Structures are given as structure tokens and as C-alpha cells.
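Here is the structure we will look at, set down as C-alpha cells.
Fair warning: this is a prediction, and the values are worked out from it, not measured in the lab. Sequence lines set the chain letters: A, B, ... in the order given, protein chains first and strands last, and positions in each chain run from 1.
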Protein chains: 2
Amino acid sequence: MIPLPRSITAFSNPLVKRVRTLRDKKHRRDEGLFLAEGLRILTEALEAGHIPAYVFYASDSAGHPLVRDLVHAVEGAGGEAIETSRDILHKLSGKDNPQTVLGVFAEFATELNAIDRASAGIWIVAQSLRDPGNLGTILRTGDAVGAGGLILVDDCVDPFSVEAVRASMGATFTQAIAQARWPEFVRWLRSGPGQLVGTSLRATHDYLEPAYAAPTFILVGNEAQGLPDAYEAECDLLVRMPMLGKADSLNAAVATAVMAYEVLNQRRRS
Amino acid sequence: MIPLPRSITAFSNPLVKRVRTLRDKKHRRDEGLFLAEGLRILTEALEAGHIPAYVFYASDSAGHPLVRDLVHAVEGAGGEAIETSRDILHKLSGKDNPQTVLGVFAEFATELNAIDRASAGIWIVAQSLRDPGNLGTILRTGDAVGAGGLILVDDCVDPFSVEAVRASMGATFTQAIAQARWPEFVRWLRSGPGQLVGTSLRATHDYLEPAYAAPTFILVGNEAQGLPDAYEAECDLLVRMPMLGKADSLNAAVATAVMAYEVLNQRRRS
């Protein structure tokens, strides 16, 4: 293996070029790697046991104790820590005001069968979710409500896209993330306890009415189409939020959060 | 005035070029115009009394009754309806799968003093909000909970940006939108009834504890910094949502929605 430089200042550096391509899904899949930015998120990743394969940090942040911890952890695990410039961090992240650190992590996934559903009272299930910001925001909300993780059903946006990871604010590393087709998910769901709760425009129950049973699986549909009929039919409960205005639906991440906090609040009250 | 063509197929058409520039804030401000896409959003705008100055529609959608209604309304109001191609709609909107209609609207704003605070039980106040998706999503949630409108305090992102209008799903046209500096807002707020409720990491009250008084002004801070100390000090109530995970905050649009639904739910129960 050719030793990598410890300091990179040239845009033409092959590693810079390679890391930059990880903003595309195809390259992420080919390499099994993804990007996460920011000292706070990388520190949270570290605490959750995820050590990046590479960490890039701005020269002017080299003295920060958390940066030093990161560098130490990466080198200890056989990865590479690379001091670089803000310009190169900008090029890697695509952001105008890049964070001072950027990590390259190995992608991971949880098998449905490896999920211990009893470990949390709330699980979130998203079907054909298309917006990476929504996906990341749902992970962030899941962390807040003490959910166990996010199960992505059918063709969802890549949870390891830069936008999704950014919106998750670190929850990418703390929430379990599983992917499954619908029949596989239903088979797994029905192999144990669990209440599947869908939000639907056609529901007759207000979301405050039911007493939710743990583990509650909150099912959220595609941003434009909502849930397919057959998926709604599989739900143990279909509920709706009051909509007092002209619109007939909420943003997917908002609907998930309103629903998840109601489930959490019921548990807090009892 | 040079009559505009009723059908445009050339990318080089001056009107196409001009409308395309409205994706930039500078040009929106110079022209006092903004873009909104989609038959559903334009129909909602029409119902709310907002008729576009220009409407572009795809040739293959010309027969749709709602498109015909739009064209009729625009021409009746002295505006221009322009039949065009999907390619040009793509160029105008910047979206890969453009909507079949796109409207160019005059910007509007509500003066703080023109707001009738008694007309709604909930108002949302955002301070230095930076993300256009969050801003649009907050408008959409405001519509759903029956809020009167959104008051943008200090330097918020432009509510007429393409991304904000898209995320609002039409609420741009149904919610009042006012802009003010903080001292001006506080002066206006204190000139009448109203409870200012901020969400804060430093709050000691759980958000389910207080009985909220109408009109409730829900104050949400900047995505990265939260609310400045002096702004928190001005609040009648500071509350927090439970955060069970590693993260210490929610996405701004999510926090606003969780808070707004609690206020609405209290009103529904009483």
C-alpha cells in the first residue's frame, strides 16, 4: 500500500478526487464509503463506535482537543488523518462554509432480523421516501424520541447521501438503519409483537384517540403519493392529524415527528 | 408595450431568460416577482386571490380544466398566459421533472400593523431562519394548525425563494407573511394581547405543562444558534421538548410543528 500524505494542499491529489466522488450514490455504493462533516457529528460518531477510515481537518483546527481525539482514534484504528486547507474541505463537502473536519466512513446497515424490537418503544418505517433532508430529519427526530431506528421500505433515497447525513445531525450513527422490501418487512413485523400505525388522509381516527401499544411502528409514506392502499390495509391503526387549512397533508418529516411525540407523550403520562 | 408571444418554444426568448433569473434573490427584489410551480399550488393561489402576472403551461396540459381556469383568470386580470414545452418549463424551474404549470407572481408582504392578531389563535415567529425548506415547511404547518401567519424576525431567508415556495405547498399564498426587526416586533407584540412562547434548551418547563393562552406566538430561533439570550428573556414562557437521545435539538420546522400541534390540541380539548 502506498503511504498517504499526512498533509494535502493540492486539489489534484488523487485522494481528494476520490473522496469528492462520494457525493454521488454510484461511487458510494462502489466504494462502500460515505461522508460526514462537522466536529460535533464526527465526535458523536466516535462515541457511537464509528471511526472514520479517513478524517480531513483544517490546519487551523489541529489544536482543538476534539480534533486531536478524532485524529488519535483514526490512527489507532489504522485509518488516515489528513491535515488540509479550508479550500479543499470546501471542495470535498460542496459547502460554501465547510466544517473544519470531514470524515469518510464505511457504510453500514442493520439486517431486519438483527433488530431487537423490544429494545425501543418506537420504531419509524418510511416507504419510498425521496427527499434526503426528510430522511435525515426523521433520523434526528427518532434519536430525540428514543426510537430504536429507521426501517426504509421499498425505494427510499440513500440514507448515506451527504444531505441525509447532514440533516440527521449525527443520528445516522446512533439510530439503527435497515432496508427492506414491503413483503419482507411485513413478514418480519408479524413474526413478533408490534403495532403498525400509518398516517393517512383517509383515516377516521384522530391521532390523539388511540392508546398506542409498544413497540409502535410509525409508518410514513412517500412525500407525493402517501401510502399505497395495500400498505394502509396492513396497518393495525390508521390515524390522521387535524388539518385546519387549505392543505391536506403535512411534510413527511413533520408528520412523523408530530406522531412520534404523541406516542412518546402517552408513554410519559402513563 | 410589445405584445408577448402566446407560445414560446425558444430557450433564447427574452421572457424565458428573464423569468429564469427569478431564481436569484437579487432579481426577485429588483423585479418584485417570484416563481411558484404546480397546478395545485397555482390553483390554491388563485382561490386565495393571487393571480399570476404570467402563467406558463405545457402544451399537453392545455386541455386540463384547472389550467383553463388559470389561463382565463390570468388573461382576465391583464396578465399573460404562455403555452410552452416541458423543456422550457424544466429550464424555468430548474427541476428535472418540472410541473406542467409555472406562475410568475408579484411579491407581497403584510405589514405588522396590518395583522389582526385576534383572527387566529396561533402565530409563528421565526428568527434568523436560514433554510428555505424549513421556512416553507413552517408555512405549510402553519396552514395545517390554523395559524394566522408567519412573522420573520431579523435576517431570515427569502420567503419567496423557489425552495421556500415549493416546500410551503401553497401556504405562501394562504398564510400572512410579515418581516420585522426584533425591537419593532416586540413593540407591536406588546401593544396588544399575546403570549410569546420560545423553545429553548435552557427551559425548565416541559412543553406539555403550560396552558397556552391565545393568541399564542410560537418563537423559533436560528437553526444553528437557537434564540439569542435577550430574545429568550423577552418570552412569556420558555419550554422544551423531551430529548431522549444524543442530540440536544430538533430540526427547526419539526420543533415548530410539535409545539404548534400541542397548542392546537389544548384548544381542541377545551
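Separation of the B:Tyr57 and B:His64 ring centroids does not fall under the 6.0 Å cut-off. Taking the six-membered ring wherever Trp is involved, the centroid distance between the rings of A:Phe105 and A:Phe160 does not fall below 6.0 Å.
For the options B:Glu262, B:Glu47, B:Arg268, heavy-atom pairs under 4.5 Å to chain A are most numerous at B:Arg268. No other option in A:Val258, A:Thr256, A:Leu250 has as many heavy-atom pairs under 4.5 Å with chain B as A:Leu250. Ranked by non-hydrogen atom pairs under 4.5 Å with chain A, the options B:Asp143, B:Asp248, B:Leu264 are led by B:Asp143. Top candidate by heavy-atom pairs under 4.5 Å with chain A, chosen from B:Ser249, B:Gly136, B:Gly146, is B:Ser249. When A:Thr137, A:Leu208, A:Thr174, A:Val145 are compared by the number of non-hydrogen pairs under 4.5 Å with chain B, A:Leu208 comes out ahead. Between chain B and the options A:Arg140, A:Arg269, A:Gln175, the largest number of non-hydrogen pairs under 4.5 Å is found for A:Arg140.
For a residue to count as touching a neighbouring chain, one of its non-hydrogen atoms must lie under 4.5 Å from one of that chain's; by this rule B:Ala171 does not touch chain A.
Counted within 6.0 Å of CZ on A:Arg40, heavy atoms from surrounding residues, nucleotides or ligands total 12 or fewer; the atom is thus considered open. Heavy atoms from other residues, nucleotides or ligands lying under 6.0 Å from CG of B:Asp116 number more than 12.
Checking side-chain atoms of B:Trp123 against main-chain N and O of B:Arg117 turns up a donor-acceptor pair under 3.5 Å. With B:Asp158 contributing its side chain and B:Lys25 its backbone, the two residues share no donor-acceptor pair below 3.5 Å.
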> Should A:Arg166 and A:Glu37 be marked as a salt bridge (charged side-chain N to carboxylate O under 4.0 Å, His left out) after you check the CA-CA gap, both sets of side-chain angles, and the distance that decides it?
Replying inline: CA-CA 7 Å; A:Arg166 198 177 276 160; A:Glu37 313 144 271; 3.0 Å; yes
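For residues 238-245 of chain B, heavy-atom neighbours of chain A at less than 4.5 Å comprise B:Met241, B:Pro242, B:Met243, B:Leu244, B:Gly245, sorted by residue number.
Relative ring orientation between B:Tyr207 and A:Tyr261 is described as perpendicular, the plane-to-plane angle rising above 60° on a 0-90° scale split at 30° and 60°.
Side-chain atoms of B:Asn222 and B:Gln127 form no donor-acceptor pair, as typed in the model, at a separation below 3.5 Å.
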